[in-house]
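Note sheet for the following structure.
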Amino acid sequence: RNLITGHETKVLTQGTSLNFMQRLSPDGSILAYRDKVSGRWSTFVLPADSTMGREVCDSCLILDFFQDADFALVQNKPAELKKMHLRNKEKSPVLTVEKGSISDASLSPNGEWVAYLIGEPDGRAAIWVAFISEIKASKNKKILIIEDDRYLSPPEWSPNGRYLYFLS
């Protein structure tokens with residue numbers, strides 16, 4: 001639904017399970033989602049001016065979009081995040097964690113930081129933020145926000161990028 005005009009567009013899916021990992025680009029131009037087609041999961045992107053999604057990968061999850069919606073933050077392996085160009089599917093490393101697995105992640109509005117929820121090997125959960133600017137390709141600066149042995153929801157950034165929101 002276009003919130004300004006109220007116009008609604010029906011999304012046609014190829015499979016049976018659209019309700020998994022939907023993500024909308026910051027400018028609202030692209031919807032990403034997972035769908036089960038012919039017994040296998042795939043990730044699709046759907047431009048706002050279209051009704052049918054285009055498959056971009058079967059082994060990745062789109063967790064967020066960069067400011068330029070041609071690029072997405074994707075997860076192929078439990079401990080890695082990558083930046084993927086949605087047209088040519090080229091990927092470059094963004095973040096690798098040493099222990100545990102990343103459950104979800106959110107890019108700051110300026111695209112310089114990523115907040116991520118991690119399941120640690122001892123069963124605890126933690127939210128970290130990491131500086132991911134491409135200026136320096138060496139070690140990412142990482143800051144622990146919270147660690148808990150109970151529930152933590154995936155973090156989300158405020159529109160101005162100054163705050164993180166999550167449930168605990």
Side-chain angles (χ1 to χ4, degrees), residues 17-36 41-46 55-168:
S17 302
L18 173 66
N19 295 324
F20 187 65
M21 296 298 293
Q22 308 98 339
R23 304 299 164 132
L24 189 62
S25 64
D27 65 1
S29 67
I30 299 175
L31 172 70
Y33 62 93
R34 293 280 285 170
D35 199 0
K36 194 169 191 177
W41 286 98
S42 292
T43 297
F44 294 83
V45 292
L46 176 72
E55 184 176 2
V56 290
C57 64
D58 62 0
S59 62
C60 76
L61 296 173
I62 293 179
L63 301 178
D64 206 347
F65 288 89
F66 286 84
Q67 288 176 319
D68 177 350
D70 285 337
F71 294 90
L73 181 69
V74 300
Q75 182 178 23
N76 283 85
K77 296 179 181 175
E80 288 182 353
L81 297 177
K82 294 186 176 185
K83 183 177 185 176
M84 181 173 80
H85 191 280
L86 293 175
R87 293 196 183 131
N88 64 23
K89 301 179 185 177
E90 287 182 13
K91 296 178 190 147
S92 57
V94 170
L95 176 76
T96 301
V97 297
E98 295 79 34
K99 55 184 178 175
S101 60
I102 299 169
S103 299
D104 209 336
S106 175
L107 289 164
S108 64
N110 68 6
E112 292 185 354
W113 292 86
V114 63
Y116 57 98
L117 174 64
I118 189 165
E120 297 179 339
D122 65 1
R124 294 171 60 85
I127 293 176
W128 290 79
V129 294
F131 185 67
I132 60 166
S133 175
E134 295 175 356
I135 297 167
K136 201 169 193 180
S138 63
K139 289 266 188 194
N140 298 78
K141 177 181 179 181
K142 298 176 187 176
I143 302 166
L144 177 64
I145 301 300
I146 187 172
E147 189 173 40
D148 204 325
D149 56 358
R150 290 165 281 179
Y151 177 78
L152 292 174
S153 72
E156 290 292 333
W157 293 90
S158 64
N160 66 7
R162 294 182 58 203
Y163 303 98
L164 277 176
Y165 295 97
F166 58 89
L167 299 175
S168 74

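- The shortest side-chain heavy-atom distance between K142 and E98 falls under the 4.5 Å cut-off.
- Note: I145 CD1 to L117 CG = 12.5 Å, rounded to the nearest 0.5 Å.
- In this structure W157 satisfies the ring-ring contact (aromatic ring centres under 6.0 Å, His included) test with no other residue, sequence neighbours excluded.
- Partners of S29 by side chain to side chain contact (heavy atoms under 4.5 Å, CB included), not counting sequence neighbours, listed by chain and number: S25, D27, A69.
- Across every non-hydrogen atom of A115 and L164, the tightest pair is CB-CD2, 3.6 Å.
- Among residues two or more places apart in sequence or in another chain, the side-chain hydrogen bond (donor to acceptor under 3.5 Å, both in side chains) test is passed with S59 by N76.
- Legend: salt bridge (charged side-chain N to carboxylate O under 4.0 Å, His left out) pairs involving residues 156-168, not counting sequence neighbours: none detected.
- Residue E112 comes nearest to N110 through the heavy atom pair N-OD1, 2.9 Å, listed as atom of the first residue, atom of the second, then distance.
- Among all heavy-atom pairs drawn from G119 and S103, the shortest one is N-OG, 4.1 Å.
- For R150, the salt bridge (Lys or Arg N to Asp or Glu O under 4.0 Å) criterion is met by D148, not counting sequence neighbours.
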Legend entry - Derivation and outcome, side-chain contact (heavy atoms from CB on, under 4.5 Å), residues L86 and I62: CA-CA 10 Å; L86 293 175; I62 293 179; 4.0 Å; yes
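- Among pairs with a residue in residues 74-111, none fulfils disulfide (SG to SG under 2.5 Å), at least two apart in sequence or across chains.
- Contacts of E147 classified as salt bridge (Lys or Arg N to Asp or Glu O under 4.0 Å), with partners at least two apart in sequence or in another chain: R124.
- For S158, the side-chain hydrogen bond (donor to acceptor under 3.5 Å, both in side chains) partners at least two apart in sequence or on another chain are N160.
- Taking I146 as the reference, I127, L152, F166, S168 meet the side chain to side chain contact (heavy atoms under 4.5 Å, CB included) condition, with sequence neighbours excluded.
- A parallel orientation is assigned to the rings of Y116 and W128, their planes being inclined by less than 30° (bins at 30° and 60°).
- Evaluation of the side-chain hydrogen bond (donor to acceptor under 3.5 Å, both in side chains) rule for R87 yields D70 as partners, not counting sequence neighbours.
- With sequence neighbours excluded, the residues satisfying salt bridge (Lys or Arg N to Asp or Glu O under 4.0 Å) with E55 are R40.
- Within the structure, disulfide (SG to SG under 2.5 Å) contacts touching residues 58-112 (residues at least two apart or in different chains) are C57-C60.
- Both cation-pi conditions hold for K83 and F71: the charged atom is under 6.0 angstrom from the six-membered ring centre and inside a 45 degree cone around its axis.
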